[in-house]
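See structure below.
By convention here, the first residue in the shown sequence is residue 1. Here the structure is a predicted model, which means the values were calculated and not measured.
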Amino acid sequence: MNIPQSKFPRIVIIGGGFAGVNLVKSLANKALQVVLIDKHNYHTFQPLLYQVSSSGLEPDSIAYPLRKIIKKHRNSFFRFAEVEHIDANNNEIITSIGTLHFDYLVIATGTKTNYFGNKAIQEHSMPMKSIPQALNIRSLILQNFEKAAIASSKSDREAYLNFVIVGGGPTGVELAGAIAELKNHILPKDYHDLNSSDMQIHLLEGATRVLPPMSEHASKKAEEFLVKLGVHVHTNAIVKDYDGKIVATNSDLKLNTQTLIWAAGVTGAPIKGLKAESMIDKANRYKVNRFNQIEGYDNIFALGDIASMSTENYPKGHPQVAQPAIQQGKLLGKNLLRLIKKQTLKPFVYNDKGSMATIGRNKAVVDLKHYKFGGFFAWFIWMFIHLMSLVGFRNRVIVFFNWTYNYINFDKAARLIIRPFKK
């Protein structure tokens, strides 16, 4: 892998998500050799993926080159590769470009889409966990508009203009709201030969309410906002089958659609090689202690979504969102330095800063520890926090410009079919 030998301990980090990036930053220019490995050469700001898929932003707005993050870090290296196996006995990882020895290994591989074993849904639905997948959804939505414009039958037109989103968590709610804004503001302007009332957006959630992890107040407000935008919200609705044309559920509800977007859950993305007892099978997450050490290993750690740290407040592990990953990454950087110096490690304590979701223009919900609110002010806070959380000044400027343009003109400037999607 052409990593030079060093007198310093070598820390290998797998994954350039929120956890990996914050760990890399915390280890900058220390007496260490840091090697960051990822199958992409960029960090993705996943909370805004839905805006790429709904033509609100271009992908370069929410992606940041990993090499640019470490360019001023002495003794830090990036390798564009996929890790295939961990040899814990010999302290080595086997990757698509070679083998590398480590002194300390950190796994921050995040999650992947969970289809709950349903092969039909996996084959025919659209996931949204990466930028390429978000671009696929964008292309498919716009291609469906074009096909609907030339459809010879009402049934075909209905199928192209029906959009079904499965999963009423933040991703599903935000995407449903964004597609509804396409219907309300873009379709009438761009497609004069289509009746925008023919376009239907269905959001299916298996629980009794949308946004199950958030408060009942947030759920109620979010559903009100969605209905106002024209989204059909179905709770207690579990998708049983999808053959590429008809969505079958646990009730009499059946939907004719060419587009099923799957946002119903995630599962961990572990790497082969570690002991079976170090894993939680159903969640595919590594069991870690309060210092993020994987059970059974002293020099192998897991961070963020792939790590399950059981505490009194979080017996099933912390929520698989950005903040636990960011906070764990920052603390582990300090703890690794303490470990090397044989000092006492500090246990991780999660600082829950609240949760939020946006449903569309001037519509969002925010849950803080002592306050719960929705509407314009919540939307403004959501925008500000997401804008400041982006990696890189250029990204913030581009996103701010796009949001300002969209707000003034009721427009989505990124509705381009650059790479046509083929099922």
Counting only heavy atoms not in [X], do more than 12 sit closer than 6.0 Å to its [atom1] atom?
X: F401; atom1: CZ; value: no
X: K369; atom1: NZ; value: no
X: K330; atom1: NZ; value: no
X: F377; atom1: CZ; value: no
X: N2; atom1: CG; value: no

For [Y] together with [X], are the ring centres under 6.0 Å from each other?
X: F301; Y: Y286; answer: no
X: Y407; Y: W379; answer: yes
X: F145; Y: Y160; answer: no
X: H43; Y: F18; answer: yes
X: W403; Y: F400; answer: no
X: Y42; Y: Y64; answer: no

I'd like to know if the side chain of [X] reaches the main chain of [Y], judged simply by a donor and an acceptor atom lying under 3.5 Å from each other, with no hydrogens or angles considered.
X: E205; Y: G168; answer: yes
X: R10; Y: L32; answer: no
X: N250; Y: I238; answer: yes
X: D367; Y: S215; answer: yes
X: Y242; Y: T257; answer: yes
X: R157; Y: I150; answer: no
X: D38; Y: N41; answer: no
X: S53; Y: Y50; answer: yes
X: K183; Y: M199; answer: yes
X: E295; Y: K287; answer: no

Quiz prompt | For L255, the option from V239, T249, L204 that meets side-chain contact (heavy atoms from CB on, under 4.5 Å) | solution =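 Considering V239, T249, L204, a side-chain contact (heavy atoms from CB on, under 4.5 Å) with L255 is found only for L204.
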Any donor-acceptor N or O pair under 3.5 Å, side chains [X], [Y]:
X: R285; Y: S308; result: no
X: T267; Y: N284; result: yes
X: T111; Y: K129; result: yes
X: N136; Y: S139; result: no

Quiz prompt | CA sep, side-chain torsions, deciding dist, call: Y405, D411, side-chain hydrogen bond (donor to acceptor under 3.5 Å, both in side chains) | solution = CA-CA 7 Å; Y405 175 83; D411 196 9; 3.0 Å; yes
Quiz item: Any idea how F348 and Y350 line up, ring-wise: parallel (<30°), tilted (30 to 60°), or perpendicular (>60°)?
Solution: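 The arrangement is parallel - the two ring planes meet at less than 30°.
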Practice problem: Check the angle between the aromatic planes of H202 and H232 and answer parallel, tilted or perpendicular using the 30° and 60° thresholds. | Solution: parallel
Quiz prompt | Heavy-atom check, side chain of N29 versus side chain of N75, under 4.5 Å | solution =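 Of all side-chain heavy-atom pairs linking N75 with N29, none is under 4.5 Å.
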Practice problem: Kindly indicate whether the side chain of M126, heavy atoms from C-beta on, has any atom under 4.5 Å from the side chain of L260. | Solution: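 No, every pair of side-chain atoms sits at 4.5 Å or beyond.
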Quiz item: Thinking salt bridges, do E216 and K221 make one under a 4.0 Å N-O criterion?
Solution: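 Between K221 and E216 there is no salt bridge, as every charged N stays at least 4.0 Å from the carboxylate O atoms.
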Exercise. Could you tell me whether R415 and D190 have a side-chain N and a carboxylate O separated by less than 4.0 Å?
Key: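 Salt bridge: yes.
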Where is the tightest heavy-atom contact between [X] and [Y], given as atom of each residue plus distance?
X: A207; Y: P212; value: CB-CG, 4.0 Å
X: Q258; Y: K245; value: NE2-CG, 4.4 Å
X: L390; Y: I62; value: CD2-CA, 4.3 Å
X: A364; Y: I359; value: CA-CD1, 4.0 Å
X: N402; Y: L57; value: CB-CD2, 3.6 Å

Exercise. Might you work through the side-chain hydrogen bond (donor to acceptor under 3.5 Å, both in side chains) test for N292 and Q328, ending with a clear yes or no?
Key: CA-CA 8 Å; N292 285 97; Q328 287 179 5; 3.1 Å; yes
Quiz item: Does NZ or CZ of K275 fall inside the cone over Y297's six-membered ring, less than 6.0 Å from its centre and within 45° of the axis?
Solution: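 So K275 does make the cation-pi contact.
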Exercise. Could you go through the side-chain hydrogen bond (donor to acceptor under 3.5 Å, both in side chains) check for N144 and T259 one step at a time?
Key: CA-CA 9 Å; N144 283 357; T259 309; 2.6 Å; yes
Practice problem: Report the C-alpha separation of S197 and N195 in whole Å, then their side-chain angles, then the decisive distance to 0.1 Å, and conclude whether the side-chain hydrogen bond (donor to acceptor under 3.5 Å, both in side chains) test is met. | Solution: CA-CA 5 Å; S197 64; N195 187 344; 2.7 Å; yes
